[in-house]
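Lettering follows sequence order; numbering is per chain, from 1. Nothing here was measured: the structure is a model prediction, and the numbers come from that model.
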Amino acid sequence: MRVLVLNTQVVFTKGGAEIHADSLMDALSRAGHDAELVNIPFKWYPPEKILDNLLACRMLDITESNGVPVDRVIGLRFPAYHIPHPNKVLWILHQHRTAFDLWGKPICDIGCFPDGRIVRDAIARAEKELLPEARAIFANSNNVAQRLERFCGIHSTPLYHPPHGAELFHSGNDDDYLYYPSRISGLKRQGLVLEALARTRQPVRVVFSGSADNPEDLERLKETTKKLGLERRVDWLGRVSHERMLELYANCRAVVFPPLDEDYGYITLEAMLSSKPVITCRDSGGPLEFVRDGESGLVAESEAAPLAEAMDRIWKERTFAVQAGKLGRSLIDELGINWNNVVSKLLA
Amino acid sequence: MKLNFFTPLPPLATDIAQCVSRVLPALAARFDVTLWTSQEKVDKGLRQSFRVRSFRPDNVDWRELNYADINLYNIGNDARFHAPILEFARRYPGVVLMHDVAVHELIYATLERKPLCLERYMELLERDGPQAVEAGRAFLAGKLALRDVSVRHPLTWWPLERAAGVVSHNAEALRRAVPRLDAPLLDTPLPWLPKAQMQKARARVLDAGRMEMLVCGHLNSPNRRLSQLLEALATFPLRDRLLLHVAGAVKDEKTLKQKIAALGLRSQVKLHGYLSEKALGRLMDSCHMALNLRWPSVGEASGAQLRFWNHSLPTVATKTAWYAQQPEDCLMLVDPEREAEDLHRYWNLALGDYAGVAQFGLRGRELLERRHSAESFASALEAFLPVVERYRESLAARPLAERVGRALGDLSVEDANLKASIASRFACRIAEMSGTLAEDGR
């Protein structure tokens, strides 16, 4: 099959969505398909740019190339997934979240603009009108599927996939640090982890890795680290190689991952594949589909004090941490999440 | 549901402000209400019961508007109270509550406060058409009164260009003034007193065969017909049996007094000036007839009329606009072409059979109770909300199309057919996105 994968690219930014698209491309190639990735550059401010981008996508014709038809199109992210094609399947990573679940939240940028409301309403209408064009709609998690249902009344089927290089994750030592690998961003709430760390009673250490969406965010976090007197208990590694990341996973005590309403969250799965317990929050979204509170990890309220308590417990109760990590690994094995299943569903 | 209400509030001496304070409890029962005003002083009672916020059109936290379910703009014709609200309604889409159909005077007075007033005014008239431009020039040259320009060219469309919805108490006139109104329109009667505050309905009798009449409100505008009313009174043979109370703002009292003297009406007219609500209410109770003339009408729904009915006061009004649409047994209507003649006829009728005339007031009062409650207004607004929300989803389509138009212009495509074909494909896609594409693909 000649397959096009449609993704949206915020240029100079690399995160879960880009890894997801690359992994899907690998899986399609391994399955013998002629697959190509189409990345649409995306700028979301001022808000009317979102609609300009959407309209630009709608004007593209990808039904064929050089006279040869494109057999299947797989749309991943807004607005790229609205490029028209008669054989389009959607596997939605997330919608434009500030128009839906993040609307009205402090992080919502479009609400600060005079045209924010009408742009938000226009996005909602476009989603309701255009998403049903697809012959099938999958979501990358149950959380994303629920949002689609709640905000647009559109049914979709959750379709899980393994993280990139899943077979390489392994368990190592049980060293004295918690690991938080993620893009540095407001939604990932690294700041909350710092506040919690300042309240712990145990000598907990946290190692952060990942690049910042905006370098100023990282500077602010470093200032907070200093202000809270945590310099000797926090490491900011920045972007690390995949090999280094595997080692950091393998040797940590636990993974801490408390984002705000994460779509899916590779980090949860990667921690489980590394036999590490996960500390997350009740409003963290995707991770809650995998973490069993008190068994394979801990789920805390998204405030500094309860999160600190969970970090203290994992630090203090080493045996529990090890057992929870092992349980996480067996749970992920039982789920049978693999790319063959994903590819066969998307091309059915 | 969050409601931002941009409105004049008491103690401002305007019927709209009084009306708002009376409808607020019914709105608050259905919405989480925030009142937005540009006035400095607001009644203490209102501040205690409601969230009152100040606004300046040039300094806004857009989140407060974006996160509300409905932003409601109260638009009347007096720029002192409504100019900042008009500016806001032009800038941010919301539901526009139109108390008057003709808003030309408001618009001119609003522009008058701004730089490049005349240029902006003429640009606006150009959009209305060549006749509006001509009339505007005549007004600026002092050859035509602004009120007359307003009647011919009401500019009703201007506050509504970005409206997500329109509420009118006079929908028929509004539709005539804006035949291509895109926004949904809610036609609902002007809200009035909650039942608990209503006056007792009462039948009146004439004392010693003498009839007292009342004219009140903002009487400066020539369309309130004060001058013609005095002339009709002066020529009425039984004028000694009539007493006219004039209550309300009059710009040039000296000239008015001179006219009254010249017409020999010193014993027939009593000037009160501006009266408090309470004093005006007492006067409405003691009078036998109200005179509520408007010609030409600017399409207003009269708050004063509802107040007269609240006091069961029989009223003579002009057979035009909103008044002409009221049940004919609730108002005594005069033909503007035969104004004095008809006034004389009703005065004769009242002096001969006042009991029959009093029934107009009692029936008006019944109508008020039936149709003009605050509750019915609030519930109509609540039911209107889903319609507004649905329409608001398509509001971004027009500016998007305008951006496409500009981008196409930049391409310098000279072939008109090619240009039209590209524009048509864009239009089709925009219509798809906004859910406005017809089934036949147009």
(message) By the ring pair (Phe, Tyr, Trp, His ring centres under 6.0 Å) test, which pairs, at least two apart or in different chains, include something from residues 57-80 of chain A?
(response) A/Phe78-A/His82, A/Phe78-A/His96

Drop me the distance from [X]'s [atom1] to [Y]'s [atom2], to the nearest 0.5 angstrom.
| X | Y | atom1 | atom2 | answer |
| --- | --- | --- | --- | --- |
| B/Arg91 | B/Glu161 | CZ | CD | 15.5 Å |
| A/Ile184 | A/Asp213 | CD1 | CG | 9.0 Å |
| B/Arg90 | B/Leu160 | CZ | CG | 9.5 Å |

(request) Go through A/Leu51, A/Asp121, A/Asp115, A/Ile123 and name the one with the most non-hydrogen pairs under 4.5 angstrom from chain B. (result) A/Asp121

(message) With a 4.5 angstrom heavy-atom cut-off, is it the side chain or the backbone of A/Ile110 that approaches chain B, or both, or neither?
(response) backbone

Under 4.5 Å from a heavy atom of chain A, the part of [X] involved:
| X | answer |
| --- | --- |
| B/Leu65 | neither |
| B/Ala397 | neither |
| B/Val60 | neither |
| B/Arg63 | both |

(request) Tell me, please, which residues at least two apart from A/Val11 pass side chain to side chain contact (heavy atoms under 4.5 Å, CB included). (result) A/Gln9, A/Pro41

(request) With sequence neighbours excluded, tell me which residues meet side chain to side chain contact (heavy atoms under 4.5 Å, CB included) with B/Val388. (result) B/Val95, B/Ala164, B/Phe384

Do the charged groups of [X] and [Y] touch, with an N to O distance under 4.0 Å?
| X | Y | value |
| --- | --- | --- |
| A/Glu129 | A/Arg125 | yes |
| A/Arg2 | A/Glu36 | no |
| A/Arg183 | A/Asp217 | no |

(message) Sub-4.5 Å heavy-atom contacts with chain B: which residues of residues 52-67 of chain A show up?
(response) A/Asp52, A/Leu54, A/Leu55, A/Arg58, A/Met59

